[in-house]
Amino acid sequence: MAQQLFLLLIALQLTLFSRFPGFCKAAQVPAFFVIGDSLVDPGNNNYIVTIAKSNFPPYGMQFDTRMPTGRFTNGRTSADWLAALLGLPLPPAFLDPSLTAVNYLQGVNFASAGCGIIDATGNIFVGRVPLSEQVTQLAKVKQQIAGVIGPGAAENLIASSIVATIVGSNDYINNYLFKATKEAKLPPKQFQDLLIATYAEQVKRLYDIGVRKLIAFNIPPIGCIPRSLAFYGSKNGECIQFVNDFAINFNKEFKPLIQKLRKTLSGLEIVHTDSYKEVTTIYNNPSNFGFTFNSIACCGKGRYNGLIQCLPHFPSCRDYDQRIFFDSFHTTARANNIVANFTYFGGQEFNDPISVQQLASL
């Protein structure tokens, strides 16, 4: 009964947000800052030299502006939807040269397509902003905010705001699986330990900057993305288990790390969000969420539209709201909306120890 009520709540939220994407509610925190990869990149890669770009149709054609923005989906990312649930505007791309410190007061998005937890990840794309640099960018934003509202107020704003990290997928699908860096030649457990240790170091840096409310997303089911299905020969849309195992094994170490950091970094409230379970819940039960296709991407080439990434002016499906994936790697705006609702409202089946709604109220 509890699960049915929760799914009903999600359905009501989806109806409201899909009909009224500009729907406003009172801000629950001062600002929302996003650190991550292409799953939540709002267009930062538009401003760097990289082949990891999506600032062309059919990307963005169902976004608020009906224009490509650099988001790797047809509309809003999960971070966009989560910002709306928090009562905040969509966090703008940090690298947008038109922004000033005033634009940072309600948050900003540092995410960069292709990046990973370790700096070397993403070198196959040439340019990207790694996790460590995104943390440095947040420190710079804090300094700039202090110049507008004063150091004390800036300290309070950062401590009262929410920061989300969405990283780790590229370390495997665009690094380890292709042995793209020297680190990727390590045995699986050593590589995993390197990721865990590096992530822990960056959380401690966030803490030193003054962050006190953090959402830590684990790695989603990377063996279920159309790219994995196409590359590794899925016959009927079944996920590729050995690819998912990398995420599963990482996640087994990631959650205890978050629990440890929660205990050792005094005053830091961390929500561990199980992105793996969020996406598999949708993937394994597509019809429960109004999806007809769980494995075939809206745009791309090859089996499952996963063999070749969506390129400029590639033909795109028109039934995007019935698909979980928009391209080889990334979910549709509607799937992103569901994930954001799981994160914001969901109990311990998705979030530990509390939901993001509860985190915002602390």
Side-chain angles (χ1 to χ4, degrees), residues 31-56 59-60 68-73 77-80 82-83 90-101 103-104 107-145 158 161-176 178 180-181 183-184 194-195 197-206 208-209 211 214-217 219-220 275 309 329-330:
F32 181 43
F33 299 96
V34 182
I35 291 171
D37 54 28
S38 59
L39 293 173
V40 288
D41 185 347
N44 281 304
N45 276 27
N46 295 347
Y47 306 103
I48 62 176
V49 178
T50 179
I51 62 172
K53 289 182 184 288
S54 60
N55 55 343
F56 49 82
Y59 289 107
T69 63
R71 288 168 171 82
F72 285 76
T73 184
T77 69
S78 58
D80 293 329
L82 193 53
L90 310 192
F94 172 73
L95 293 181
D96 182 344
S98 69
L99 299 184
T100 66
N103 300 117
Y104 303 151
V108 68
N109 190 326
F110 307 97
S112 172
C115 85
I117 293 174
I118 60 173
D119 288 357
T121 290
N123 65 356
I124 61 173
F125 301 114
V126 187
R128 72 280 180 204
V129 184
L131 171 62
S132 61
E133 178 58 26
Q134 292 184 43
V135 174
T136 298
Q137 290 173 342
L138 177 58
K140 293 176 180 177
V141 161
K142 180 184 176 182
Q143 291 177 343
Q144 291 178 275
I145 289 175
I158 295 297
S161 298
I162 289 178
V163 175
T165 63
I166 303 97
V167 286
S169 297
N170 284 316
D171 292 289
Y172 285 105
I173 58 178
N174 288 312
N175 187 356
Y176 197 77
F178 291 98
T181 66
E183 291 87 351
L194 174 63
L195 297 182
T198 304
Y199 182 84
E201 177 185 341
Q202 298 309 319
V203 170
K204 290 171 184 174
R205 289 184 63 207
L206 289 171
D208 290 340
I209 290 168
V211 173
L214 181 67
I215 312 169
F217 287 81
I219 297 179
S275 180
Q309 174 68 2
F329 298 94
H330 308 99

- Message: Can you list everything that forms a side chain to side chain donor-acceptor pair (under 3.5 Å) with Gln309? Sequence neighbours excluded, please.
- Response: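 Side chain to side chain donor-acceptor pair (under 3.5 Å) check on Gln309 returns Tyr59, Asp327, Ser328.
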
Would you name the heavy atoms of [X] and [Y] that are closest together and state the gap between them?
X: Ala79; Y: Val40; value: CB-CG1, 3.6 Å
X: Arg205; Y: Thr136; value: NH2-OG1, 2.7 Å
X: Pro92; Y: Pro42; value: C-CG, 4.4 Å
X: Ser54; Y: Gly70; value: OG-O, 2.8 Å
X: Glu183; Y: Leu194; value: CG-CD2, 3.8 Å
X: Asn45; Y: Gly127; value: ND2-O, 4.5 Å

- Task: With Pro91 as reference, evaluate Asn103, Leu82, Val34 under the side chain to side chain contact (heavy atoms under 4.5 Å, CB included) test and give the passing residue.
- Result: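 Going through the options one by one, the only one that passes is Val34.
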
If we ignore hydrogens and angles and just use 3.5 Å, is the side chain of [X] paired with the main-chain N or O of [Y] as donor and acceptor?
X: Ser112; Y: Asp37; value: no
X: Gln144; Y: Thr100; value: no
X: Asp171; Y: Ile117; value: yes
X: Arg128; Y: Thr121; value: yes

- Item | salt bridge (charged side-chain N to carboxylate O under 4.0 Å, His left out) partners of Lys142, counting only residues at least two apart |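 Lys142: salt bridge (charged side-chain N to carboxylate O under 4.0 Å, His left out) contacts with Glu155.
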
So, taking the atom named [atom1] in [X] and the one named [atom2] in [Y], what distance separates them when rounded to the nearest 0.5 Å?
X: Asn44; Y: Phe110; atom1: CG; atom2: CZ; result: 9.0 Å
X: Lys140; Y: Glu133; atom1: NZ; atom2: CD; result: 5.0 Å
X: Phe94; Y: Tyr104; atom1: CZ; atom2: OH; result: 4.5 Å
X: Phe72; Y: Leu39; atom1: CZ; atom2: CG; result: 10.0 Å
X: Ser78; Y: Phe217; atom1: OG; atom2: CZ; result: 6.0 Å
X: Asn46; Y: Lys53; atom1: CG; atom2: NZ; result: 5.5 Å

- Query: Does Leu206 reach the side chain of Thr165, with side-chain heavy atoms less than 4.5 Å apart?
  - Reply: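 Yes. Closest side-chain heavy atoms under 4.5 Å.
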
- Does any non-hydrogen side-chain atom of Ser132 lie less than 4.5 Å from one of Glu201?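 Glu201 vs Ser132: side chains apart.
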
- Query: Going through the checks in order, is the side chain to side chain contact (heavy atoms under 4.5 Å, CB included) test met by Gln137 and Ile35?
  - Reply: CA-CA 10 Å; Gln137 290 173 342; Ile35 291 171; over 6 Å; no

- Query: With distance as the sole criterion, is a donor-acceptor pair present between the side chains of Asn170 and Asn174 under 3.5 Å?
  - Reply: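 Asn174 and Asn170 do have a side-chain donor-acceptor pair below 3.5 Å.
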
- Item | Side-chain H-bond candidate by donor/acceptor type, Asn175 with Thr181, under 3.5 Å |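 Thr181 and Asn175 do have a side-chain donor-acceptor pair below 3.5 Å.
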
- Determine the sole option in Thr77, Asp41, Asp80 for which the side-chain hydrogen bond (donor to acceptor under 3.5 Å, both in side chains) test with Arg71 is passed.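 Among the candidates, only Asp80 passes.
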
